[in-house]
Amino acid sequence: MYEGDVLAGNWRRPGKGKIPKVPAEQDLVVEDADSGFCGAVVGCDKEAVTLEDRFGNRRLFPLAPAAFLLEGKPVTLVRPAAAPAGPRRSASGSIAVEGLRARVAKESRIYVEGVHDAALVEKIWGHDLRVEGVVVEYLEGVDHLPAIVAEFAPEPGRRLGVLVDHLVPGSKESRIAAEITSPDVLVVGHPYIDIWQAVKPSVLRIPGWPDVPRGVPWKEGVIAALGWRMEPADAWRRILGAVSTYTDLEPELLGRVEELIDFVTETP
């Protein structure tokens, strides 16, 4: 009933001309036919593609004919076509200013709670802030915010914007923020316990940020729940390294940072 042995030959390498060519677009999930390594496309050049699996491991594979499986079927990955030329965008989505030169920083400032917050703001909005001449500093916690504001001595033309973690009704942070009444200070916040949560889980290829029981340090609890065998500093480098554009962040953070930039750069 069959012509020849249906199991003969290499099922991963069908006859020439029968293998579809598929652009190696970002986040396309494929399997290397030889090794079985399965991951999403995170980079591609004219000779090779980089795949990242759900554990964050990355491997480089040559763009060989019929070298990958897409939904179980052999395909040949090819380099995606170049996007049409247009204005270059910064990580925040704004039009990048070419040939930007350093300018004297304005007296106005943006304060964030910690070094991780500052690093994330710099990665996404750094270009915009340098265009405006605004410096971002960190508080190392929000407990002493009223004293820090008093020392800063805000006034028209010398404004202060503050980004606070976990600014929700009834929280310690909300009570401290309520003590700030100066019209030249804007305190805004996001609902997340830590800035880590402002990164979309899909960017890290996790189903969601886990709930951590009370009494357990939040970062350590997250790392344990996700099965990451690393210290918090290494986990943060992994998280920050996965972020490349504003679309990788939750809107609750995006809106608040944009609001602060507008506030401290507004002409009095």
Output side-chain donor-acceptor pairs under 3.5 Å for residues 205-229, partner residues at least two apart or in another chain, one line each.
residue : atom : partner : partner atom : Å
R205    : NH2  : D27     : OD1          : 3.3
W209    : NE1  : V199    : O            : 2.9
K219    : NZ   : D194    : OD2          : 2.6

For a quick test of your reading: what N or O donor-acceptor pairs under 3.5 Å do the side chains of residues 39-51 make, sequence neighbours left out?
residue : atom : partner : partner atom : Å
D45     : OD1  : E47     : N            : 2.9
D45     : OD1  : A48     : N            : 2.7

Throw together a table of side-chain donor-acceptor distances under 3.5 angstrom for residues 249-261, partners on residues two or more places apart or in other chains.
residue : atom : partner : partner atom : Å
E252    : OE1  : Y192    : OH           : 2.9
R256    : NE   : E259    : OE1          : 3.1
E258    : OE2  : W125    : NE1          : 2.9

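Using a 4.5 Å heavy-atom threshold, the side chains of F263 and V185 count as separate. Between D165 and I193, the closest side-chain pair of non-hydrogen atoms is not below 4.5 Å. At least one side-chain heavy atom of T245 sits less than 4.5 Å from a side-chain heavy atom of D248.
Cluster annotation: W196 and L204 are assigned to the same hydrophobic cluster (Ile/Leu/Val/Met/Phe/Trp/Tyr, side-chain heavy-atom contacts under 4.5 Å, transitive). Side-chain heavy atoms closer than 4.5 Å link hydrophobic residues (I, L, V, M, F, W, Y) into clusters, and following such links, even through other members, never connects L60 to L63. Linking ILVMFWY side-chain heavy atoms closer than 4.5 Å, directly or via other members, places F68 and V22 in a single hydrophobic cluster.
Distance alone, capped at 3.5 Å, is enough to place a donor-acceptor pair between the R158 side chain and the F152 backbone. Between the side chain of S174 and the backbone N or O of V168 there is at least one donor-acceptor pair closer than 3.5 Å. Within the 3.5 Å criterion, the main-chain N or O of E132 finds no donor-acceptor partner in the side chain of T265. Formation of a donor-acceptor pair under 3.5 Å by the K123 side chain with backbone atoms of V243 is found in this model.
Of the candidates V134, L186, V162, V134 is the only one forming a side chain to side chain contact (heavy atoms under 4.5 Å, CB included) with I110.
Contacts classified as ring pair (Phe, Tyr, Trp, His ring centres under 6.0 Å) and involving residues 18-49 (residues at least two apart or in different chains) are given here: F37-F61.
Checked against salt bridge (Lys or Arg N to Asp or Glu O under 4.0 Å), R238 has no partners two or more places apart in sequence or in another chain. Contacts of D184 classified as salt bridge (Lys or Arg N to Asp or Glu O under 4.0 Å), with partners at least two apart in sequence or in another chain: R159.
Pairing each heavy atom of S182 with each of P154, the nearest pair is OG-CG, 3.9 Å. A pairwise comparison of heavy atoms in P74 and I19 identifies O-CG2, 3.9 Å as the closest pair. Closest non-hydrogen pair, C38 versus D53, comes out as O-CB, 3.3 Å.
A salt bridge is absent between K73 and E31: the closest approach of a Lys/Arg side-chain nitrogen to an acidic carboxylate oxygen does not fall below 4.0 angstrom.
If you check the side chains of S35 and D32, you find a donor sitting under 3.5 Å from an acceptor.
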